[in-house]
Structure formats: structure tokens, C-alpha cells
Chemist: 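Got a structure for you, written out below as C-alpha cells; questions coming shortly.
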Amino acid sequence: MAEAADFQGTSPSPARRWLRRTGAVLAGTPLLAGLLQLPAGSPAAAAPPAAPQAASDNGSVAVSVDSLTPGAPTEGDTVTVSGTVTNKGKKAVTDASVGLRVGSLLDTRSSIDRVAKNSGDVDSPVGAEIDDKYTEKFSKLTPGVSQPYTISVPTDELDLGQDGVYDLSVTLTGETSDQPWEQTLGVRHTFLPWQPDDLDTKTKTAFMWPLVSTVHMTAETGSDEEQTPVFHDDELAAEISPGGRLDRMVALGKDLDVTWVIDPDLLASVEAMTTRYEIPGETTDDQNVVGGHQEVAKRWLTEVQKAVADKEVVALPFGDPDLASLAHHGTSVTGSLRHLKEATDVAARTVESILHVAPSTDYAWPVEGAVDPSIIKVSTSAGADKVIVRGDTFEGGRDLTYTPTAPRPIGGGTTAVVADARLSTVFGGDMTRASASTQAVQRFLAQSLTLALQTDRPRSVVVAPQRTPSAAQAQTMAEAIGALQDSTWSQPQDLTAAAKSKPDPAAGTEVPPASAYPKSLRKQELPRSAFEQIARTQDKLDRFKVVLSDQSRVVTPFGRALNRGMAASWRGRPAEAAIHRSGVETYLDTLIGQVRLIEKSETKLSGRSATIPVTVQNNLVQGVEHLVLRLTSTNPTRLEIDGNAYEEQPVTVSGGHSQSVKFTTNANANGRATVVAQLYTQDGRPYGQPVTFDVKVTEITATVMLVIGGGVLLLVLAGFRMYTQRKRAAARQAEEREQDDAADEAGTDANSDGDGDGDGDGDGAKNPEASEERPSEESAPDTREDAPEQPSDPAPDTAPESADPSGTGERVDR
């Protein structure tokens, strides 16, 4: 597949061609005659020819063209070429001379490519040298030493013929000690576009000016109200600082007629830097440090706002997702296309809120413009109806002798906007060297003019350079665009206008098959495992957000972080991409773990019924709600939770607080029962890790109550027996006293004998036997009811000890 067939333009005029050839023949005739007349062994046979001849290889002297102004001269201009010559050999070069040579007309685009490929080859043909007065001479070139040169020639002296691109070469001729004759020791070919008059039909050129960077922000934010963002590093500050890559892109692009193609993530990241932001510290204590480039970020955003004012702005999906990786590896993972849709939806809002311009979101831009049917399908799935592709992936069309216009309808209402491959890739090299930059500019102008001269049909051409040009590449691009916009064959155009221009009916519209997708690009794609990890993290986020009182504090930063995980900038950096994705998932796991159940030790129940508290801790800044705590008994026969195997209670916990949830339990038997506490979301999904603990039941059962009751009954019976025995003994004592009283009365009557002893003997002597048998009042037991209780008295009657269960308000230890 070719971008377009080369157009075989008109060759130099016959008269001019005849004059050049005649001059060459006349110059060579005397030399040829002299050689024929020399004897075979004559020393003159070894003499150098009069005309210079090329040295071997690419020349022993390196010639650079560091500047060529103007890049596209017109009538009356003076062309100035400057650069250096460096002796790379081991021998000194003497009688050196630097001159300009105008070669043949390069009337096809492929011929320009061939010259560019062999620009330093001394064996390549060169034209006749311009007048000797436009040369610079060096008496000696020392090995390893560079010497500058500058040659200025009026365009009238260049003897340029018809319009087109000419091979302009700078050559160095000289001698060496081992080859003491004039020879070409170094050459540098470049291009000289010549179009002094305006073309009747100018080519309209749309140049995309990309403002894209790599991923800089993490998913982590601070716990403060402003949610201080955390960056991977502080490299973005270097890019937007004066002289940095992105600073140069803005400074150079503001004066050019270009279409700004912006990744909204870049704007959001820089805006986050305008206030407080943090980056990882250089120590190993995991402490972040505060970034200090707020003023730099504010200044850069202000400059961007000025640069894009009144310019066309195209917003890529947030994070610039890798559409090819998504098409080849992500579509088989559920939810991957959802992220592309979200990235597209948020793009316009982000750009408009920061730059105050309404961007277009109709464009998809696969990496390097390479597509196949699956990439086209994914690119348009989020709403884009224009896909920017590159010409080397599309056939130009059958029998076309020119490069067709950019838009190509490919079906389904989708337009492939075909960027010119040669113009788009010319700035991809190392542009830090002035010679490489100058060559790129001249090659760009040469290709553009040759394209314009192919036909007088009106055409729109799109240039889509590399996504993240270096500062030097941006400088080269700006020089090329500036020269093109001042040219006589091209005029600037917006990307949208180019996409809406009338398609060429002869242009090819067939999307290349998957087998044609470049293998080099396929090797750099994100693997399926990357999209699986993103999907897993998204599932965790969906479960987490439903319990939050303020979902935006978590959903927004994590949603954008997942978009960044699909960025095209991860190509060629698989390790960094994996670290970013793992960091997002790990940080989300940390936040989810901030809402958890407190571990419990073994719990003891000392009654038939009791309450068990389970504590939910919330270490988040915001409150959590819509959670359900379920307590389940693994052995409900032994231990029931509120009369069932489990019980659920809703949970709401303020930020930074804990909440104890109490469950009523009923014990049916002694022993241990395992209990599981688990949080659930309202849709029944488990949240966090369960907490398992044992409950030891020490309840008093019926058998134990019977044993205790029997013991109490025995105690009561024993007390009753002691009571009856004492009562009988008291009765006997009372009866004996009554008998003694009766005897005393009888004795009184008997004392009438006068001695008072009652024995009738009248001597008053006592009866010793009677005295021994009658106890004294002090020794007799006191049987009065109000007499004090003695230690030996039996316990009073008591009611049996209650066997009812304990109350339900009892608390137990965790």
C-alpha cells in the first residue's frame, strides 16, 4: 500500500537539458583525447583527472547544512547556506573549497525520499558548481577539527528553471597527502523549493498541534477538604517551566495557524498544581512533600488560554486512551468500553472549564494513525465520527497520479481523516542538531510543494505529527509551519474544515485488515491483564461508593485514575504502567479497609439470654451509610441470635468514629458456639473481611436446678428437725418446772412444824436430794420468744432460691 502514486512532472526544459549535457561533453572531450594518446606505462597515466571524483564511502569530510534561508526563496531573494565541515580522516585536507551545486529537478515525492536517504553519500550525483566566487576556501582542514562556512547566492545566480523542488548540494573538494589531486571529500544534499509565483489552486493544509503529556497524577488525595492531589513525580513542573517542552509548545503554537489537539488530563493535572499538591519524598519513610510550582502552573494555564483563543481546539478522550490496545485486548473484558465512554464525556467539560473554549470531541486518534476494522469500531463507540489515520495505512486509490484529499467516507457515517504520512513523520528524528532540523524543514517544504504541483484539483491535506514532540522537534515544526504559511502554494486550514471537505471519489476507502496492522506497534500494546486489573478495580469502586455519604470525593479521582491506566503514553513503558495500575488498586483497598469490624476475643454468656456488641470503625473523613451488619451463629441449636440463626441491623457511622451494634442472643445449651460478623452493602454484597469469634455459654440448666433445689430442700428439712427437737425439749423443761412448783407448794404446807423446812421435824434442815434434782433458773434454757438467738440455733425458714433467667440488659466482655 502506498500513500499515493508519484506524479511524474515535467522534466527540465529541452534547451536547458541540451545545454547542460553539451557542456559536460565538451568539458570531457580534451581529457578523453589526452588519455587515449598516453602510452600504457606512462607516469601520466596515474595523474588525476581534471574533473573532481568522489572519495570512497561517505567521504572523509562531514558536511552539515545548519541553516538555509529563506527555506522557499522567490525572485530577488538571496539564498544563504551555512554550516560546518569536519575532517573525519587521519590526513589533513589541503586546498579545500566549499561550494554549492544545483542538481536536477525532483519532480516526484519518492525522488525526494531517495535523496534524503542518501544525503551524505559522495557517490550520489551532484550538479554543476555555481560560480567560483560563491565558494569558501580553507587552506587546511586538520583531522577532527570543524570549520564553519557561510555562502550567500542570489537566486538569479542559481539558474533555476521551472517551478519545483531542486536538489541543492553543498560539497567540499580538496586534496590529501596520499591522494594529491582535487576530489570531492564530502557532500550534503538538501532541498530547495522554487515556486516564485502563487499557484492558482493552493493546497489547504491543516496542522495538528498536540498538547499531550504522560501520566503524572495518582489516585491518591489528601484527607483535607480540598483533597490535596498526589503526583507520581514533579516532572510535569519541568515540562511547563520556561524552556520546558510544553512551555515551548505553547509559546511556539500561539503564533501559528494550527488546530490544537489537547488531552484534558494534562489540563486537569496542571490545574491541580495551581494550589497545594504533593509528591513522594526522597526518603524511605513514605512521607510526601509539598510541591512548590503553583505559580508556574498558573502562568502556563494562562498562556494556554491566550494561545487557543479564537483557534480550533480538539479534545481527546480524558487520558488519551490507547484505542488500538483497547480494540485488540480490552473489548473482551467487561466494562472496558465503559471507561472510554466516560473519558469522552468528561473531556469537553474539563477543557471548557479550564480554557473557556468549547472543544470538538468528534475525533479519535489511534497511535500513529494505524487502524484496522476493530480499531475503527472502538474509536467510534464513544461517539466520535471522525478517525484520524495516516496515509501509509490506506491505499491512495487505483491509478491515481496524485495524493488525494484527506477525508475518506468509510461507512456507517464515519469519516477517516487521512493525514499525509510523509509530512507527518518528517519531524520524528533528533532535532537537537541544527543540521537535522534544517534538513527536516527543507524536506517538509519540498514534499508539500511537490504534492501541490501534482494536480490543480482542490485538496485538503492534514499533518498529524508525533503525539509528544520534544522541545527541539516543536521548534523545527514551528519553523516548517511558518515557512509553509508564507509560501505561495499552500494556505492554512482547520482540521474540522478539512474533514468536511468534499472527498475524492477516486480515493481508496477500504480499511486495512487486522493482519496489516504493524507488528512493531502491536508489541507495545497494553496486555489483556491490564484491562482485567482495571475492571477488578472498577468493581471494587462500585461496591465501595454505595456506602459513602459523599461519593464524589472517591468516584471522581479514582475514575480519572482508571482512565489514565489506559493511556497511550504507556506504550514502551510496561513496568511504569503496571506500577500505576497497582497503585490505584492498592490505594482503593486501603480506603475500603478504613471501614471495618473490630476484632473480638472470646465472649462468655453467664445466663440464658444476653446481648453481644459488635463495633464498626470508620476511619474515613466522610461518613458511611447503607451498610448492614449481620451476626450469624454457626450453631443455632446451642446459640440463637434473636431467636434465629442470624440477625441483621443497619449501620451508619460518622467519619472518624466507631459505632457499637448490639445483638440479643439466647442460649439453649452449654459450651462454645462460633459467631460470624459480616458487613454487607444494601444489595447483599459482602463488604470487607468478616470477624469470627467464639461465645462460651455457661447457662444454668434444668438438671442443675433440680440438684440445687434438692440441696435446699435438705437444708430446710434439717432445720425443721432441729426446730422440732428444740421445741420438744422446751416442753419437757416446762413440764418439769410445773412439777417442781407443785412440790414447792406442798413443801410450804409441810413447814408448819416451825422450822420452816417442811419435813415435820421442826429442825429446819434442808433436803439434800431435793436440792440436787431441781436445777437453778440460770442453767435452764431460755425458751422465751424474745430471747436472743444463740449460735447453735437453726437457720430460719427461707424461700427456695429463684431459678428464673437473668435479665436481657446484661453486657458481656468482648
Side-chain angles (χ1 to χ4, degrees), residues 1 3 204 206 208 259-262 264 312-318 320-328 330-331 336-349 351-352 358-398 400 403-421 424 457-464 493-514 516-517 566 568:
M1 290 181 292
E3 179 185 9
K204 297 177 180 179
M208 296 167 53
T259 295
W260 293 78
V261 181
I262 302 176
E312 183 183 35
V313 176
V314 170
L316 298 173
F318 191 97
D320 188 20
D322 190 336
L323 300 175
S325 296
L326 184 58
H328 295 157
T331 52
S336 295
L337 291 179
R338 162 189 173 185
H339 293 289
L340 178 60
K341 182 66 168 61
E342 292 174 349
T344 302
D345 292 341
V346 75
R349 297 197 302 269
V351 173
E352 190 167 4
S360 171
T361 58
D362 298 334
Y363 295 88
W365 188 16
V367 172
E368 295 191 13
V371 295
D372 59 25
S374 65
I375 297 175
I376 295 292
K377 183 177 181 180
V378 166
S379 298
T380 57
S381 64
D385 58 3
K386 302 176 186 66
V387 183
I388 300 170
V389 302
R390 210 165 65 189
D392 47 3
T393 65
F394 261 78
E395 292 185 359
R398 295 181 180 180
L400 283 180
T403 301
T405 194
R408 316 274 183 90
I410 56 177
T414 302
T415 300
V417 182
V418 182
D420 187 83
S424 299
R457 299 171 63 93
R459 286 170 298 167
S460 293
V461 176
V462 173
V463 181
Q493 185 180 39
D494 290 342
L495 180 62
T496 298
K500 292 180 178 180
S501 62
K502 184 179 179 180
D504 192 326
T509 59
E510 183 178 354
V511 178
Y517 188 80
M566 300 166 56

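Since this is a predicted model, take the numbers as computed values, not measurements.
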Chemist: Quick one: side chain to side chain donor-acceptor pair (under 3.5 Å) partners of Asp494, sequence neighbours excluded?
Modeler: none
Chemist: Would you say the side chains of Thr393 and Tyr517 form a donor-acceptor pair under 3.5 Å?
Modeler: no
Chemist: Once salt bridge (charged side-chain N to carboxylate O under 4.0 Å, His left out) is applied, do any residues pair with Arg457, and if so which ones, sequence neighbours excluded?
Modeler: Asp504
Chemist: Do you know the tightest heavy-atom contact between Ile375 and Pro366?
Modeler: CG2-CG, 3.9 Å
Chemist: Mind checking what makes side chain to side chain donor-acceptor pair (under 3.5 Å) contact with Thr344, not counting sequence neighbours?
Modeler: none
Chemist: Sequence neighbours excluded, which residues qualify as salt bridge (charged side-chain N to carboxylate O under 4.0 Å, His left out) partners of Glu312?
Modeler: none
Chemist: Could you grab the distance from atom CH2 of Trp365 to atom CZ of Arg390, nearest 0.5 Å is fine?
Modeler: 10.5 Å
Chemist: Please report the shortest heavy-atom distance between Ala499 and Tyr363, naming the atom on each side.
Modeler: CB-OH, 3.8 Å
Chemist: According to salt bridge (charged side-chain N to carboxylate O under 4.0 Å, His left out), who are the partners of Lys500, at least two apart in sequence or on a separate chain?
Modeler: none
Chemist: For Ser336, check side chain to side chain donor-acceptor pair (under 3.5 Å) against everything at least two apart and list the hits.
Modeler: none
Chemist: Checking Pro373 now: which residues fulfil side chain to side chain contact (heavy atoms under 4.5 Å, CB included) with it, not counting sequence neighbours?
Modeler: Val511
Chemist: How would you list, by chain and number, every residue that makes a side chain to side chain contact (heavy atoms under 4.5 Å, CB included) with Glu342, sequence neighbours excluded?
Modeler: Arg338, His339, Arg560
Chemist: Which residues pass the side chain to side chain contact (heavy atoms under 4.5 Å, CB included) test with Pro407, not counting sequence neighbours?
Modeler: Thr405, Thr415, Ser501
Chemist: Are the side chains of Leu340 and Leu326 in contact, using a 4.5 Å heavy-atom criterion?
Modeler: yes
Chemist: Looking only at heavy atoms, which two atoms of Ala348 and Thr361 are closest? And how far apart?
Modeler: CB-CG2, 3.9 Å
Chemist: For Ala568, what residues pass the side chain to side chain contact (heavy atoms under 4.5 Å, CB included) criterion, not counting sequence neighbours?
Modeler: Asp320, Asp322, Val367, Arg467
Chemist: Short question: side chain of Arg459, backbone of Thr403 - any donor-acceptor pair under 3.5 Å?
Modeler: yes
Chemist: Can you list everything that forms a side chain to side chain donor-acceptor pair (under 3.5 Å) with Ser424? Sequence neighbours excluded, please.
Modeler: none
Chemist: Which side-chain N or O atoms in residues 381-389 pair as donor and acceptor under 3.5 Å with protein atoms at least two apart or in another chain?
Modeler:
residue : atom : partner : partner atom : Å
Ser381  : OG   : Val378  : O            : 2.6

Chemist: Kindly indicate whether the side chain of Phe394, heavy atoms from C-beta on, has any atom under 4.5 Å from the side chain of Ile410.
Modeler: yes
Chemist: At what distance, to the nearest 0.5 angstrom, does CG of Asp392 lie from CG of Asp420?
Modeler: 9.5 Å
Chemist: On a heavy-atom basis, which atom in Ser374 and which in Ala327 lie closest, and how many Å separate them?
Modeler: O-CB, 3.5 Å
